[in-house]
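Presented below is the structure to which this report refers.
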Amino acid sequence: MDVEVLLMDITKIGSKVDAIVNAANESLLGGGGVDGVIHRAAGPRLLEECRTLGGCKPGESKATKGYNLNCKFIIHTVGPRYWSDPNPKETLTNAYLNCLRLADSLGLESIAFPSISTGAFGYPVKEAAEVCAKALSGYKAKTISKVYLCIYPCKDDMDIYQKAFEKYIYKNG
């Protein structure tokens, strides 16, 4: 898998990807941060479909159509609440891996992730970047050939992810 870190709003990545990942809350019914931005950009039909999914547990993932976004799917995942999850590293790893597994099961070739759990869920960015890079570096993709990590709006956070990827992913080719 080729991995690239971008400084951009994930909803603006457009036709570069088959799926974008929504860092959602357990209800999947929208919220603040990335979740709210994705719901607003995708339009009201996303909320209608999400109401049929029965929520999502931390570390798990579920897919919906992309609706008004220029991608086939939105893969929703719930990251850990850093201060209350008994094992936030494991939950965050599972969130990334389950998104990749779901994308592979759908036959997707490309996926874009936001920085999961680093906003309102309080995961420190440097630790989250290390977890993300380790999870991606250990994953053996079936159909996915390109992964983007869309960091927005903070260049400092993008640089942190870039350094983690240099340590775990780019060195492995």
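Applying the side chain to side chain donor-acceptor pair (under 3.5 Å) criterion to Ser145, with sequence neighbours excluded, gives no partner residue. Scored by the side chain to side chain donor-acceptor pair (under 3.5 Å) test, Thr91 finds Asp85 as partners (sequence neighbours excluded). Legend: residues meeting side-chain contact (heavy atoms from CB on, under 4.5 Å) with Asn94, ordered by chain and number and at least two apart, are Glu90, Asn98. With sequence neighbours left out, the ring pair (Phe, Tyr, Trp, His ring centres under 6.0 Å) criterion links Tyr96 to Phe113. Remark: Ser110 pairs with Val17, Asp18, Lys146 by the side-chain contact (heavy atoms from CB on, under 4.5 Å) rule, at least two apart or across chains.
Here the closest heavy-atom approach between residue Lys140 and residue Asp104 is recorded as O-OD2, 4.3 Å. The two residues Val5 and Met158 have their closest heavy-atom pair at CG1-CG, 3.4 Å. The two residues Thr77 and Ile116 come nearest to each other via the heavy atoms CG2-CD1, 3.7 Å. Residues Gly43 and Asn68 approach most closely at CA-ND2, 3.7 Å, considering heavy atoms. Ala63 and Leu53 make their closest contact through O-CD1, 4.4 Å (heavy atoms, listed as atom of the first residue, atom of the second, distance). Among all heavy-atom pairs drawn from Ala19 and Leu108, the shortest one is CB-CD1, 3.6 Å.
With contacts defined as side-chain heavy-atom distances shorter than 4.5 Å, the pair Ile74/Leu46 qualifies. Residues Ser117 and Pro80 have side chains in contact (heavy-atom distance under 4.5 Å, counting atoms from C-beta outward). Two residues are said to be in side-chain contact when any heavy atoms from C-beta on lie closer than 4.5 Å; Leu149 and Cys132 meet this criterion. Taking 4.5 Å as the limit, every side-chain heavy atom of Tyr148 sits out of range of all side-chain heavy atoms of Ile111. Using a 4.5 Å heavy-atom cutoff, the side chains of Thr118 and Tyr161 are in contact. Side-chain contact between Tyr152 and Val34 is absent, with no heavy atoms from C-beta onward closer than 4.5 Å. Annotation: side chain of Ile13 is in contact with side chain of Ile20 (closest heavy-atom distance under 4.5 Å).
Pairs of residues two or more places apart, or lying in two chains, that qualify as ring-ring contact (aromatic ring centres under 6.0 Å, His included) and include a residue from residues 25-84 are Tyr82-Tyr123. For residues 54-63, no pair satisfies side-chain hydrogen bond (donor to acceptor under 3.5 Å, both in side chains), with sequence neighbours left out. Identified under the ring-ring contact (aromatic ring centres under 6.0 Å, His included) test for residues 18-38, with sequence neighbours left out: none. Sorted by first and then second residue, the pairs that involve residues 149-160 and meet salt bridge (Lys or Arg N to Asp or Glu O under 4.0 Å), not counting sequence neighbours, are Lys155-Asp159. Applying the salt bridge (Lys or Arg N to Asp or Glu O under 4.0 Å) rule to pairs touching residues 120-139 yields Glu130-Lys167, sequence neighbours excluded. Residue pairs meeting the salt bridge (Lys or Arg N to Asp or Glu O under 4.0 Å) criterion with at least one partner in residues 20-47, sequence neighbours excluded, are Glu26-Arg81.
The backbone N or O of Ile169 sits nowhere less than 3.5 Å from a side-chain atom of Ser137 that would complete a donor-acceptor pair. Side chain of Glu4 to main chain of Val147: no donor-acceptor pair is present (N/O by atom type, distance under 3.5 Å, no hydrogens or angles).
The hydrophobic cluster around Leu47 extends to Leu29, counting ILVMFWY residues whose side-chain heavy atoms fall within less than 4.5 Å of a member.
Atom NZ of Lys72 is separated from atom OG of Ser15 by 11.0 Å, given to the nearest 0.5 angstrom. The structure places SG of Cys150 at 4.5 Å from CD1 of Ile10, a figure rounded to the nearest 0.5 Å. With rounding to the nearest 0.5 Å, the separation of OG1 in Thr11 from CG in Asn70 is 11.0 Å.
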